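Encoded as structure tokens, the structure appears first; notes follow it.
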Amino acid sequence: LMLVVGTDAGGREHPDWRKNLSLALKLQALGERRAPGLFRPIDLRRERFNQQLSPGALLIEVGAAGNTMPEALAGARIFAALLAELLSG
């Protein structure tokens with residue numbers, strides 16, 4: 001899994017990108033505790049990816065060229081559990 005966080009570095013308005021980054025960091029930290037090695041480093045980008053439209057918006061890349069579909073699906077299930085745990089407090 002890889003979390004992608006857009007910023008305003010490209011010159012376009014995105015006032016809450018740091019809040020999105022904070023959420024990504026919390027998810028990443030929880031993931032490292034529950035499923036070490038599941039997450040790749042957070043990809044901080046100059047683009048916004050429409051993440052300026054909603055607080056807490058993130059892109060989640062599931063799987064890569066070297067993963068099988070069952071591996072990607074397992075990662076998605078783990079991510080869903082992590083997100084539920086984080087949001088439920």
Side-chain angles (χ1 to χ4, degrees):
L1 301 174
M2 183 173 66
L3 302 172
V4 180
V5 178
T7 69
D8 57 6
R12 300 185 72 193
E13 186 176 334
H14 187 358
D16 293 326
W17 73 267
R18 287 175 183 84
K19 291 179 185 175
N20 295 353
L21 177 59
S22 177
L23 175 61
L25 290 167
K26 289 175 187 173
L27 276 167
Q28 182 103 6
L30 181 60
E32 283 304 311
R33 287 195 303 275
R34 301 281 191 264
L38 179 64
F39 283 88
R40 296 176 69 191
I42 293 172
D43 187 4
L44 197 58
R45 303 286 296 271
R46 297 174 53 90
E47 299 83 7
R48 299 181 301 176
F49 304 106
N50 289 330
Q51 293 176 359
Q52 78 281 5
L53 299 176
S54 177
L58 301 173
L59 287 177
I60 299 100
E61 292 191 5
V62 180
N67 293 109
T68 64
M69 182 62 79
E71 289 170 336
L73 292 172
R77 283 191 290 277
I78 293 169
F79 178 79
L82 293 170
L83 184 61
E85 181 178 342
L86 183 68
L87 294 178
S88 67

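Numbers for residues simply follow the sequence, beginning at 1. Being a predicted model, the structure only gives us computed values, none of them experimental. Because only heavy atoms are used, hydrogens play no part in the values below, and waters and symmetry mates are left out as well, while side chains stay in.
Follow the hydrophobic side-chain contacts under 4.5 Å out from I78 and you reach L1 in the same cluster. The hydrophobic cluster containing L83 also contains F39, counting ILVMFWY residues as joined when their side-chain heavy atoms lie under 4.5 angstrom apart, directly or transitively. The hydrophobic clustering, which links ILVMFWY residues whose side-chain heavy atoms are closer than 4.5 Å, places L23 and L59 apart. The hydrophobic cluster containing L3 also contains L25, counting ILVMFWY residues as joined when their side-chain heavy atoms lie under 4.5 angstrom apart, directly or transitively. Residues M2 and I60 do not share a hydrophobic cluster, defined by chaining ILVMFWY side chains whose heavy atoms lie under 4.5 Å apart.
Between S54 and N20, the shortest heavy-atom distance links the atoms O-OD1, 4.2 Å. The heavy-atom pair separating A72 from G63 by the smallest distance is CB-CA, 4.2 Å. The minimum heavy-atom distance linking H14 with R48 is given by the pair CB-CD, 3.9 Å.
Without hydrogens or angle criteria, S88 side chain to A84 main chain gives a donor-acceptor distance under 3.5 Å. Under a 3.5 Å cut-off, the side chain of E47 and the backbone N or O of G6 do not form any donor-acceptor pair.
Looking at E85 and R34, a side-chain N of the basic residue comes within less than 4.0 Å of a carboxylate O on the acidic one, giving a salt bridge. With salt bridges taken as basic N to acidic carboxylate O contacts below 4.0 Å, one links D43 and R45.
The distance from atom CD of E32 to atom CG of L82, rounded to the nearest 0.5 Å, is 10.0 Å. The structure places CG of L27 at 5.0 Å from CZ of F79, a figure rounded to the nearest 0.5 Å. Rounding to the nearest 0.5 Å gives a distance of 5.0 Å between CG of N50 and CG of L53.
Between F49 and L58, the closest side-chain pair of non-hydrogen atoms is not below 4.5 Å. In this structure, the side chains of E71 and L73 stay at 4.5 Å or more apart for every pair of heavy atoms.
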